[in-house]
There are 2 protein chains.
Amino acid sequence: MEHRIDQIKKQLHAHSYKLTPQREATVRVLLEREADHLSAEDIYLLVKEKAPEIGLATVYRTLELLSELKIIDKINFGDGVSRYDLRKEGAEHFHHHLVCIECGSVEEIMDDLLGEVEKVVESEWGFQVQDHRLTFHGLCKACQKAAVETTS
Amino acid sequence: MEHRIDQIKKQLHAHSYKLTPQREATVRVLLEREADHLSAEDIYLLVKEKAPEIGLATVYRTLELLSELKIIDKINFGDGVSRYDLRKEGAEHFHHHLVCIECGSVEEIMDDLLGEVEKVVESEWGFQVQDHRLTFHGLCKACQKAAVETTS
DNA sequence: TTTTTTGCAAAACGTTTGCAGCCCT
DNA sequence: AGGGCTGCAAACGTTTTGCAAAAAA
């Protein structure tokens, strides 16, 4: 944890930004809730517990800054809110998501499933891939089970 | 064109909705600009040329309706607007996109590149895939060329 | 001092909703 | 009459912006 904070601090400094207390509190929330997909409002409320004087605008500005530096990714699952997802250390590409259309749960897939597909896109379409977004919509394990039980 | 309108009319009737003049005008814009990725506002302005009395709310309601019936797909490329994309006739899955980070152009890929990947997701993660969203971000052919020319 | 960052409030933006009126049988 | 559908305006929730104060360099 402290290691990642340090690393992010360096990334900020490299672009002549500072790791202010507000920014650090925001990053800490992101690290603590790494598995979640929090909205700006969610993050704001959690950061407030650590730094009650913080304003929502500062959270937005911090998130924008972290996005620019590719420390986090901004995602949109189709409800009206942007969500923010920490990149894994040294991850070159954004990871994938499984969104359950029944219960709304979001699972992450860290494996890069698109190596082959990207090669095809580059060779067949001449498009130089830099990043990707891949989300599957369907039924998670639990909801498949629930569906079967209801039917039988 | 008329064929697709008829087809959509039938789909609406099957769910006891009507193809009103406003809805038809909206669908026609969508068909005429099939290759584009128009926002609700874009669509509204284009529909206004055919049916000047239409209101923006009606366009939104029509788009929502067409989304429900899976005639169109709502997509989000990360700028703050929803965009709408007509499904190809009989397409089971949503098609993929190549978004150029330089010029903003959006290219469509109709081929289903994810057959294998979906099998992996189903077997390895036990997730029952119903649909997907796949977007690649990178440089389109033209912008790669421009980049090389600037460098040399 | 000069620049960066902050908190607050207001504004802006895309989208949705309430409602009265309209168009159909 | 009754239902669905429409246009308008107002409301809504999220995100951005202006600004003056505070912090850092």
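Lettering follows sequence order; numbering is per chain, from 1. Side-chain atoms are counted along with the backbone in the values below, which use heavy atoms only and exclude waters and symmetry mates.
Rounded to whole angstrom, the span from the CG atom of A:L19 across to the C1' atom of C:dT4 amounts to 14 Å. The distance between atom CD of B:E53 and atom C1' of D:dC5, rounded to the nearest whole Å, is 13 Å. Between the CD atom of B:Q22 and the P atom of C:dC23 there is a distance of 11 Å, given to the nearest Å. The separation between A:N76 atom CG and D:dT14 atom C1' is 11 Å, rounded to whole Å. Between the CZ atom of A:R83 and the P atom of D:dT14 there is a distance of 10 Å, given to the nearest Å. The CG-P distance, from B:L38 to C:dT15, rounds to 13 Å in whole Å. Rounded to whole angstrom, the span from the CG atom of B:L56 across to the C1' atom of C:dT15 amounts to 8 Å. Nucleotide C:dT15 holds its C1' atom 15 Å from the CG atom of B:D42, rounded to whole Å.
The shortest non-hydrogen separation linking B:L30 to B:L86 is O-CD2, 3.9 Å.
Contact check, B:T58 against D:dT6: no side-chain N or O comes under 4.0 Å of OP1 or OP2. Distances shorter than 4.0 Å separate some side-chain N or O of B:T20 from OP1 or OP2 on D:dT6. Side-chain N/O atoms of A:Y60 include none lying less than 4.0 angstrom from OP1 or OP2 on D:dT16.
Ion pairing of B:R4 with B:E34 is present here, as a side-chain N (NZ or NE/NH1/NH2) and a carboxylate O approach within less than 4.0 Å. A salt bridge does not link B:K9 to B:E24: none of the charged nitrogens lies less than 4.0 Å from a carboxylate oxygen.
Annotation: side chain of A:W125 is in contact with side chain of B:D111 (closest heavy-atom distance under 4.5 Å). Side-chain atoms of B:V29 and B:K50, non-hydrogen and from C-beta on, do get closer than 4.5 Å to each other. The side-chain heavy atoms of A:E41 and A:V81, taken from C-beta on, include no pair separated by under 4.5 Å.
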Protein proximity profile, nucleotides 17-25 of chain D - base contact B, sugar-phosphate-only contact S, no contact -, cut-off 4.0 Å on heavy atoms: BB-----SS
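Note on A:S82: only backbone sugar-phosphate atoms sit closer than 4.0 angstrom, heavy atoms only; bases stay farther off.
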Please tabulate, one pair per line, all N/O donor-acceptor pairs under 3.5 Å involving side-chain atoms of residues 131-140 of chain B, not counting sequence neighbours.
{"from": "B:D131", "atom 1": "OD1", "to": "B:H93", "atom 2": "ND1", "distance (Å)": "3.4"}
{"from": "B:D131", "atom 1": "OD1", "to": "B:F94", "atom 2": "N", "distance (Å)": "3.3"}
{"from": "B:D131", "atom 1": "OD2", "to": "B:R87", "atom 2": "NH2", "distance (Å)": "2.9"}
{"from": "B:H132", "atom 1": "ND1", "to": "B:E118", "atom 2": "OE2", "distance (Å)": "2.6"}
{"from": "B:H132", "atom 1": "NE2", "to": "B:F94", "atom 2": "O", "distance (Å)": "3.0"}
{"from": "B:R133", "atom 1": "NH1", "to": "B:K74", "atom 2": "O", "distance (Å)": "2.5"}
{"from": "B:R133", "atom 1": "NH2", "to": "B:D73", "atom 2": "OD1", "distance (Å)": "3.4"}

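Remark on DNA chain C: of its neighbouring residues A:Y44 and A:R23, the 5'-side contact belongs to A:R23, judged by nearest-heavy-atom nucleotide.
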